[in-house]
Q: 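Please read through the structure below; I'll follow up with questions.
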Amino acid sequence: MRENLIEKAKKVLLGNKKKGFTLPTNNKLYPAQWKWDSGFIALGYSHFNLKYALDEITTLLKGQWKDGMIPHILFHDLNTNYYPNHSVWNCGNKIHSSGITQPPVLAIILKKILDKNKIKVNEKTKIKLIIKKLKKYHEWLIKYRDPRNTGLVSILHPWESGYDNSPLWDYSMNEIKVEKNLKYKRGDNKVINPEYRPLDEDYDRYITIKNHLRKNKYNPKKLYNESMFNVVDVGFNSIFLKANKDLIELLKSFNLEHNNLQKFILKSENQIEKLFDTRKGVFVNYDIKNRKKIIVPSITNYFILFADLKNQLINKKIIKNLKNHNQNEKYLFSSIKPNYGKFEEKRYWRGPVWINCNWIIYQGLKNKDKKFANKIKENTITLIKKNGFYEYYSFKTGEAFGANNFSWTASLFLDLIFDKNRTN
Ligand code: DGY
């Protein structure tokens, strides 16, 4: 049974594979290369084809901008129904791309791949180049997304978080005035039941922000202050903290300089702790644009476990909270706590279970609460086994939503199955 599923997972990835990169799914929902999808996809390939894993990352880095930014989408195929497409983004370096980024998972993934696989001598130069490019990207985030040197980086569009329509952004999105006479045609809700997708009022704002970024020529020097959306997100910063720690290890192994990153990590660890509300025992996001604290029970706030904070008191408190996040133990974790007023069981990032979130939390718990971590792993495997390789699932019933044959679900399934810490 398990063998069968392993083969099926590989088939999902190979079925979505194009030349040098892999689509997030085989339907028409996402006809391009997405940044954090690509990271997870590379990890999946590393369990059966190291070349494909490294190719995935190498192709993504071909689209890196001259200043270091890695875009959230690379449009390899220009002839699709996706909106916003390459011509309305109107930017890119060598490859048409979007003008924003996505969670910085690549260094974490690369370290995982290199920890597990022996790299041949002739591949070392290629890997060194990847590491140098990742360093340039991390430096870009620090320079342009934290120009005030606070130790925390901002995202300038909800799409940069990856959890596009999370209630985390409701307040900040409501503050945005939609551009007049906005004309565009969504492609996503023609392919997937609109009940599972973001609303038109969300898209109006996504496009308004995007148009404003384009008007400013995606100039990172200007945009920290000028963007219509500027939020410090705990999830994104937790991933960045972990990625910086892993990147330093990678840099060390190639005798490359890492002092600046080390300094940033120290500052970041101090500052992120300040986002912890000790009274409520939760992490708080901060809207820089509107100077407003955002308290929403999002699973992404628990990504902090992945960053391995040294503060054991905080770790203990949030693990306790995490155990109360769900009402249904079988389908860990809903993206938003189910008793929250704006929770929606089926709508994209407003409630469904996402496999990458379960995976990130599993990774973060492995060295803190092994029993709980293993339960998450087993339940995630069972969820996929019963309901297939989908984009997201109901926390109540396990029912699958969104795209089928979803690449990161297949990849992370493989990673969980092959995890050495397995209990059975
Ligand atoms: C989409 O198209 O829904 C993506 O999440 C945006 O990056």
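Atoms within a ligand are numbered from 1 in the order they appear, just like the ligands themselves. For clarity, every value in this text was computed on a predicted model and none was experimentally measured.
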Q: Heavy-atom distances under 4.0 Å are what count here, so tell me which part of Y348 touches ligand 1: side chain, backbone, both or neither.
A: side chain

Q: I need the atoms of ligand 1 closer than 4.0 Å to a non-hydrogen atom of R197, numbered in the order shown.
A: 1 (C), 3 (O)

Q: Considering only non-hydrogen protein atoms, determine which one is nearest to atom 5 (O) of ligand 1 and report residue, atom name and distance to 0.1 Å.
A: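 Heavy-atom neighbour on the protein nearest atom 5 (O) of ligand 1: D164 OD2, 2.5 Å.
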
Q: Kindly indicate whether the side chain of L23, heavy atoms from C-beta on, has any atom under 4.5 Å from the side chain of Y30.
A: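 No, side chains not in contact.
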
Q: Using the ring of Y82 (Phe, Tyr or Trp, six-membered ring only), decide whether K28 places NZ or CZ under 6.0 Å from its centre and within 45 degrees of its axis.
A: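 No, a cation-pi geometry is absent between K28 and Y82.
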
Q: Tell me, please, whether Y286 has K293 positioned over its six-membered ring: NZ or CZ under 6.0 Å from the ring centre and within 45 degrees of its axis?
A: no

Q: Quick one: does NZ or CZ of R186 land under 6.0 Å from the six-membered ring centre of Y203, within 45 degrees of the ring axis?
A: yes

Q: Among all the protein's non-hydrogen atoms, which is closest to atom 7 (O) of ligand 1, and how far away is it?
A: H72 NE2, 2.8 Å

Q: For atom 2 (O) of ligand 1, state which one of Y82, W36, Y30 supplies the nearest heavy atom.
A: Y82

Q: Would you check if P84 and W159 make a side-chain contact, meaning some heavy-atom pair closer than 4.5 Å?
A: yes

